[in-house]
Each structure stands twice: as C-alpha cells, then as structure tokens.
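Shown next, in structure tokens, is the structure this report addresses.
Not measured: the values here are computed from a predicted model. Order of listing sets the numbers, starting from 1, for every ligand and every atom in it.
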Amino acid sequence: MTLKSLELFGFKSFGKKSPLSFSTPITCVVGPNGSGKSNIVEAIRFVLGEQSMKSLRGKGGIDLIFKGSKSLSSSNRAGVVITFDNSNKIFSFTNSGIGVSLDYDEVTIGREVFADGGNKYSINGTEVRLKDIVDLLASVNIGSSGHHIISQGEADRVLNASNKDRRSMIEDALGLKIYQYRIKESERKLDKTILNMKEVQVLRREIAPHLSFLKKQVEKVEKAREMREELRNFYKTYFSSEYTYIINEGNRLINIRKELDEKALSLDKSIGDLERNKNTNFVESENTKLIKDKEDILSVVLNKKGDLSRSLGRIEGIIEGIQRQFAKIPEIKEYVILESDWRLLVEELDRKIDEAMSLEDFPSVVNILRNIKIKLNEFKNGVNTDDIEKPSLEDNEEYKEMIASKENILNEISKTKEEERSIVNLINSLKEKEKESELILRDNERTLYELLRIRNEVTSSLHTLNFEEERLSQIKNSFEMELAEGGVLIGREVIDFAHTKVEGDIIRSTQEDLRRKIERIKIKLEDGGGGNSGEIMKEYDDTLDRDKFLAHELEDLYKSIESLRLLIQELKETLDKEFKSGVENINKQFQEFFALMFGGGSAFLSITMEHKKPKKNDESVSIEDNESEEEEEENNDLGFERGIEINVTLPQKKVKDLHMLSGGERSLTSIALLFAVSQVNPPPFLVLDETDAALDEANSRKYGNMLENLSKYSQLIVVTHNRETMSRAQVLYGVTMSAEGASKLLSIRLEDASAYAK
Ligand code: ATP
C-alpha cells in the first residue's frame with residue numbers, strides 16, 4: 001500500500017482531529033448526506049496541493065476552516081496530513097537540495113491554511129514550498145491535474161472537458177507531465193538564456209564603442225611608446241655627446257684661460273719693467289746734464305780764451321808800439337814815444353787790465369796785470385826822455401814785462417786751448433753716449449709697443465674667452481633643463497646617458513640637428529595627448545578581457561541555446577511518442593472496459609490537431625497566485641495544439657455524440673475511460689466520490705468487479721452510497737454528523753463492512 005493514513009483537524013466539518021488509516025486495497029467511506037464524506041475527498045485534494053478553490057467548494061481559505069457549532073468553537077486554521085509508505089524509497093525530488101531527507105519508511109505531507117488565506121506546506125515536518133510537494137508527488141505518478149481523484153458529480157468530467165483539457169488529463173494520467181515540466185522548464189531556461197544572450201549582446205554593443213575608443217588610445221600609446229623609444233635613442237646620443245662636449249669644451253677653455261692669464265701676467269710684468277726703464281732713462285739723464293755742465297765750462301774756457309787772445313793782441317800791440325817807438329828815435333829818439341799816443345795806450349791798457357782783473361780765476365794774470373798796472377802807472381806819472389839814454393829795447397822793463405806777459409798769455413792760451421780740447425772731447429764722448437742711450441730707449445719703446453699690442457691681443461682673447469665661457473655656461477644650463485625634461489619623458493636612465501663620455505669630436509651642427517629631431521618628437525608626443533598610459537592600457541586590457549569574457553559567455557549561451565533547443569526537441573519527440581503509444585494502450589483497455597460495461601459497442605480516443613484558442617481566464621480562484629502551476633500547452637510553431645477526442649459507439653445505437661448519452665451512459669463511459677487509463681498507468685491510489693451514483697444494479701456489479709480488478713494496481717478510496725460497491729471494500733469508514741455539530745468517523749472492519757453492506 002502506498003497511501004497509509006490521513007488526518008484532518010479543523011478542516012471543514014471536521015472540527016476535531018480525525019485520523020483515517022488506509023491499510024486495505026479498497027476503503028469505502030460511507031455515511032448519510034451532509035455528514036462530511038466529500039470533505040474527506042477534498043482534504044486529500046487539499047493536502048496534495050490543490051489550488052482551485054472551486055474544486056474545494058469554497059471561495060477562500062477561510063471556507064476550509066471549521067466554522068464551529070453550537071457546542072464547538074471554530075478553528076483558527078484547517079490542516080491535513082497525509083502519510084505515504086516509502087519503505088521501498090519510491091519518493092524522490094527532481095529538484096535536489098531543498099534540505100528535506102526522504103530517507104525514511106514514510107513520507108508525510110502536511111498543509112495548513114489560515115484565516116488570512118495563508119498556507120503552510122511541509123514534507124516530513126519540514127516547511128517547504130508548494131512546488132516541492134508537486135515535485136515530490138510527480139515522482140510517484142501523482143499529477144497535479146487530480147485525475148486520480150474523482151469528486152462527487154465529476155464522474156463525467158472527462159467527457160465534459162475540452163479536447164485540450166482531456167489531452168492534459170491523459171498526459172497526466174500517463175505520467176507524461178514530467179516531460180511537459182521538463183519541456184516547460186527547458187523553454188523557460190531557453191527564454192532566460194535568450195534573454196541573457198540579448199543582455200550580453202547589449203553589453204557587448206555597449207562596450208564596443210568604448211573598446212574601439214580605447215583601442216585607438218592604446219594605438220596612440222603604442223605610437224607614443226615607439227616615439228619615446230626613438231626619443232630615448234636620440235637622447236642617448238645627444239646627452240652623451242653634449243656631456244662630452246661640455247667636459248671637453250670646459251677643459252679647453254680652462255687651458256686657454258690659464259695660458260692667457262699666464263701670458264697676460266708675464267706681459268704685464270715685461271711692460272711694467274719697460275715702462276719703469278723708460279721713465280728712469282727720462283728722469284735720470286745725468287749724461288745730458290753733464291754735457292750741459294761741460295758745455296757751460298767750455299763756454300767759460302772759450303770766453304777766457306777770447307779774453308786771453310784779446311789781451312795777447314793788446315800786449316803784442318804794446319810790444320809793437322814799443323818797438324815802433326824804439327825804431328823812431330835813433331838811439332834815444334827812437335825810444336821817445338809821443339806823449340799823446342802813450343797816454344792813449346796807457347789808458348787803453350789800463351782799461352783792459354781792469355777788465356782782466358775782473359776775472360778771478362786767473363790770479364796770476366791778475367798779478368801780472370797788476371804789475372803792468374804798476375808799471376803803467378809809473379809811465380803815466382811821467383817819463384823824462386831827456387834823462388833817458390837811448391835805451392836798448394832788450395833792456396826796456398817795460399818791453400821785457402810785455403814780452404814776459406806775452407809769454408804768459410801765450411802759455412795761458414795754450415793751456416786754455418788744451419782745456420778746451422779736453423772739454424770738447426769729453427762733451428763729444430758724452431754726446432756719443434747719449435746717442436747710444438737714445439737708441440736703446442727707442443729699441444725699448446719698440447719692444448714696449450709690441451708687448452702692448454700683444455697684451456691687447458691677449459685682452460681681446462680674454463674677452464672672447466669670457467664670451468665662450470658664457471656660451472658654454474648657457475649650453476650647460478640648457479643641458480640641465482633638457483636633462484630634467486628628458487627624465488620626465490623617458491625616465492631616470494637619461495642620467496646614465498648624461499654621464500657617459502663618447503670618443504671623437506662633437507660637432508655642434510650634428511648636435512643641433514639631433515636637438516631639432518628631439519624637439520619634433522616632443523611636440524608630437526604633446527600633440528598625441530599624454531594621459532595616463534598605464535591607466536589606458538589597464539582599462540583597455542580590462543575592457544578587452546570583459547569583451548572576451550562576454551564573447552565567451554555569448555558562445556556558451558549560443559551553445560546552451562542550441563542544446564536546450566535540441567533537448568526541447570527531443571523531449572517533445574519523446575512526449576509525442578510516449579503520448580501516442582500511451583493513447584494506443586489506453587484505447588485497448590478503453591475498448592475492453594467499454595464493451596464490458598455496455599455489453600458491446602466501441603470506444604477509442606483519437607488525437608486531434610486544432611487551432612489554438614485564445615486562453616480563457618480560469619474562473620477558479622487560486623489560493624496562491626504566486627505559486628500557481630498553470631498548465632503549459634504544447635504549442636507548435638504553426639499555432640496548432642493537440643487534443644484528445646472521445647469516440648464511442650453504443651451497441652445497437654447509432655448515437656455517437658457524447659452529449660446525447662444518458663446520465664448513466666456518460667458515467668459508464670467515463671468510468672470505462674478512467675479505469676482504462678488507470679490500468680495502463682496505475683496511480684498509487686484512486687479516490688472515487690460517488691462515481692457509481694448513476695449506476696443501476698447490474699452496472700453496479702460490473703463496476704464492483706472492475707474496482708476489485710483495479711485495486712490490484714491502485715489503492716482505492718471510494719465514497720459511496722452503493723451497497724454493491726461497499727461490499728467490495730475491506731474497510732468501511734462511517735462518517736456521521738455528531739451531536740456537537742462536527743463530522744465524526746467510525747471505522748468498520750472487513751467482516752462488519754460486508755454485514756453493513758447487506
Ligand atoms: P452527501 O452524501 O449528501 O454527498 P456528504 O457526506 O458528502 O453528503 P459533505 O458534502 O462532505 O457531505 O459535507 C457537507 C457538510 O459539511 C455540510 O453540512 C456543511 O455544512 C459542512 N461544512 C462544510 N464546510 C464547513 C465548515 N467550514 N465548517 C463546518 N462545517 C462545514
């Protein structure tokens with residue numbers, strides 16, 4: 001047995017806890033009208049997850065809760081617990097991991113509804129969702145369509161149903177709902193996957209312009225990197241050459257300065273010496289002074305010589321006068337001198353002697369002259385020629401003195417001449433010397449001018465050197481600035497370049513060319529827009545990774561769409577195949593049961609293809625809208641849907657239209673179909689609520705036989721007033737409305753049941 005027990009508490013008319021146990025193949029529930037039998041059937045529907053309030057004969061959850069009676073108070077909730085046997089572990093979840101263990105010999109499903117309409121579901125005491133219960137029941141072929149529970153008055157429900165609903169019932173009864181669920185689930189997955197794919201496509205489309213923008217940026221960055229590499233190479237040559245140039249040029253200028261400074265110092269010393277020498281020659285020209293002095297002395301000597309010559313002339317004149325006097329007077333007369341002449345002479349002599357005497361340098365001359373004067377004075381004082389014998393000239397004192405004076409003067413003149421010669425010689429020698437001196441001076445001057453000229457050249461060279469040093473200093477400054485800039489552009493390695501000497505001469509024009517190239521690259525780099533290349537590269541890589549990831553996702557999604565489509569296709573094919581073969585099998589049984597019930601005739605199901613009808617709103621009120629499990633139709637692309645048509649031919653009757661059957665015929669046909677279906681795919685249990693109500697005695701017996709036959713495959717819970725039916729049960733449950741105003745259960749055993757039935 002699969003169904004073990006049922007327990008109702010506060011459910012509809014069952015105000016008190018009411019347990020039912022189902023331990024036999026056929027259990028009948030019997031009792032007077034309105035005692036609560038159908039409420040038991042509804043309790044089974046309810047606990048198995050029924051959502052249609054219409055099927056539970058209510059408008060809302062509150063209608064399911066015991067409302068109370070005169071002597072019993074109302075319940076605050078309605079609850080039902082159903083227990084199945086699970087000793088052979090037939091229960092399972094398709095949906096694993098809900099945290100409920102099924103590793104027990106029993107499986108208990110519970111449901112409670114509260115006054116506010118809220119529901120609570122449980123499996124083995126653990127609260128679960130409705131879908132978990134549906135999932136669990138599907139594993140034991142108890143579908144949600146409730147085809148295995150035939151409520152009161154619903155015996156011919158299958159006949160009244162539309163082809164489409166019938167198909168659904170048949171599918172459920174054949175246990176094919178699982179395919180429908182899987183198809184539905186796969187289609188949901190497919191829709192979701194398609195949606196995901198669209199989202200991914202949108203994301204990719206959104207990324208695309210940014211990615212392409214970033215790609216361009218990255219290309220710019222790459223270009224800039226290439227330019228920087230080029231710049232690096234230029235810098236390497238430029239900085240090392242510039243460094244070498246600065247060092248070499250600096251050393252060269254230092255050497256030049258040293259050389260020029262030394263030269264200037266030496267020139268200044270030589271020039272100073274020469275200038276001092278020149279001044280010395282000029283200021284201290286003793287020679288010239290000496291010459292002047294000597295010339296002064298010479299002038300005195302010449303004057304003296306003139307004076308002496310003149311004195312000599314006078315004395316010679318006197319001597320000649322004396323001689324002439326002596327010659328005029330023979331003997332004596334010749335000695336007489338005319339007094340007038342004599343006087344003239346004496347006066348002249350006197351004057352001359354005075355003049356000679358004024359010369360102090362010649363004391364001897366003065367002495368002589370003084371003597372002459374004395375003698376002359378004696379002559380002046382009067383000579384008496386009468387007393388005088390004719391004097392001899394040689395004895396004439398005067399004459400002798402004159403001769404002596406003449407001799408003296410001649411000596412003096414001779415000495416003076418000697419002195420004059422000596423002085424003239426000295427002057428000449430001095431002048432010669434002076435001439436030589438002047439020559440030397442002129443030579444020195446020439447040297448001085450030459451040195452000054454060279455000194456000027458040195459000064460000019462020093463100016464040029466200053467200029468060159470200034471120029472080098474500017475080059476150094478520029479170099480430092482360029483170095484700092486280079487550091488920013490390509491990093492610290494420029495410092496290494498800047499301290500590497502290169503061989504050979506550095507040509508400035510080549511450096512200038514390099515500098516221009518460097519400037520051009522710098523401008524290009526600036527034009528390219530700096531930006532943070534690291535960030536751009538990272539963002540590009542990230543975005544590219546993301547795009548690749550999305551592309552990969554898309555590929556995966558395409559694959560899953562493909563495989564889902566394939567799966568759906570396969571499921572549909574399997575469903576189709578199983579459905580067709582199931583219908584075929586049902587038809588065999590249907591024909592048999594039908595012929596048995598009607599004593600002939602024929603009945604079969606046919607599969608129809610109809611245009612899809614617009615979906616009707618379900619009139620029933622759903623207890624839980626959010627978890628309602630609406631049946632999905634199997635649609636094909638052409639807008640067709642499959643249905644099931646019932647075809648019957650009653651024996652000896654031409655009536656084929658189901659609507660034209662009598663109530664009993666309808667019941668019999670439904671029962672035949674229900675049993676046929678149950679035979680093909682036996683449900684674990686079947687609940688039949690007064691399905692036999694319309695049967696006559698003969699048919700009730702056939703019905704009873706069929707029940708017995710069916711109970712070999714499925715457990716049967718049968719609500720009935722039919723005694724024939726009751727007689728087939730092993731246990732009867734009697735339901736009565738107690739004096740308290742609530743349904744009450746009474747269990748009657750097999751033997752008693754048979755007796756009760758009779
Ligand atoms: P019959 O043989 O005529 O079909 P039955 O035994 O199947 O009758 P039920 O339909 O199961 O009877 O029970 C109906 C009874 O249950 C009614 O009397 C009704 O008043 C009672 N009932 C239904 N809902 C509630 C409720 N919520 N609280 C109390 N009683 C209720």
Side-chain angles (χ1 to χ4, degrees), residues 6-20 22 27-48 50 52-82 111-120 146 149-157 620-621 623 663 667 686-695 700 703 716-726 729 731-748 753 756-757:
L6 185 76
E7 189 178 83
L8 301 81
F9 47 95
F11 186 84
K12 289 205 165 183
S13 55
F14 292 86
K16 288 182 176 173
K17 194 181 256 189
S18 310
L20 289 97
F22 308 103
T27 304
C28 273
V29 180
V30 299
N33 291 132
S35 59
K37 301 183 292 298
S38 294
N39 289 345
I40 293 173
V41 175
E42 276 154 16
I44 295 172
R45 274 192 190 280
F46 170 76
V47 77
L48 295 183
E50 180 60 74
S52 164
M53 276 309 292
K54 197 178 161 192
S55 299
L56 299 174
R57 291 185 297 164
K59 286 190 180 124
I62 189 98
D63 294 335
L64 305 181
I65 302 169
F66 178 63
K67 292 190 191 306
S69 63
K70 278 183 183 168
S71 52
L72 287 174
S73 58
S74 64
S75 294
N76 59 356
R77 60 190 169 139
V80 180
V81 172
I82 193 166
R111 179 176 175 184
E112 287 173 289
V113 65
F114 299 88
D116 62 0
N119 281 262
K120 221 184 207 180
I149 302 173
I150 309 296
S151 295
Q152 193 178 4
E154 279 191 353
D156 59 352
R157 186 168 65 120
S620 62
V621 181
I623 292 179
S667 283
L686 261 173
V687 182
L688 306 167
D689 189 356
E690 298 190 39
T691 317
D692 52 5
L695 303 184
S700 292
Y703 178 75
L716 303 175
I717 318 301
V718 184
V719 177
T720 187
H721 289 293
N722 191 313
R723 289 174 188 275
E724 182 59 44
T725 305
M726 285 181 215
V731 167
L732 286 182
Y733 268 103
V735 187
T736 55
M737 188 54 73
S738 69
E740 289 171 311
S743 295
K744 194 178 166 192
L745 285 172
L746 176 72
S747 167
I748 305 167
Y756 177 83

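- Contact analysis leaves Val735 out of contact with ligand 1, as no non-hydrogen atom separation drops below 4.0 angstrom.
- Considering backbone and side-chain N/O of Gly36, one or more are found under 3.5 Å from N/O of ligand 1.
- Where the criterion is an N or O separation shorter than 3.5 Å, residue side chain and backbone included, Ile65 meets it with respect to ligand 1.
- Contacts between Ser743 and ligand 1, counted as non-hydrogen atom pairs separated by less than 4.0 Å, are absent for every part of the residue.
- With atom 16 (O) of ligand 1 as the reference point, the heavy atom nearest to it among Asn39, Thr736, Leu64, Ile62 is part of Asn39.
- The atoms of ligand 1 that sit less than 4.0 Å from any heavy atom of Gln152 are 4 (O).
- Residue contacts with ligand 1: Gly31 is placed with no nitrogen or oxygen under 3.5 Å of a nitrogen or oxygen of the ligand (distance criterion only).
- Those atoms of ligand 1 with a heavy atom of His721 less than 4.0 angstrom away are 2 (O).
- Remark: ligand 1 atoms within the under-4.0 Å shell around heavy atoms of Asp63 are 27 (N).
- Contact atoms of ligand 1 toward Glu690: 2 (O), 4 (O) (distance under 4.0 Å to a heavy atom of the residue).
- There is a protein heavy atom closer than 4.0 angstrom to atom 1 (P) of ligand 1.
- Under a 4.0 Å criterion applied to the non-hydrogen atoms of Ser35, ligand 1 contributes the atoms 5 (P), 6 (O), 12 (O).
- Only the side chain of Arg57 comes within contact range of ligand 1, with a heavy atom under 4.0 Å; no backbone atom does.
- No donor-acceptor contact under 3.5 angstrom links the side chains of Ser38 and Arg57, judged on distance only.
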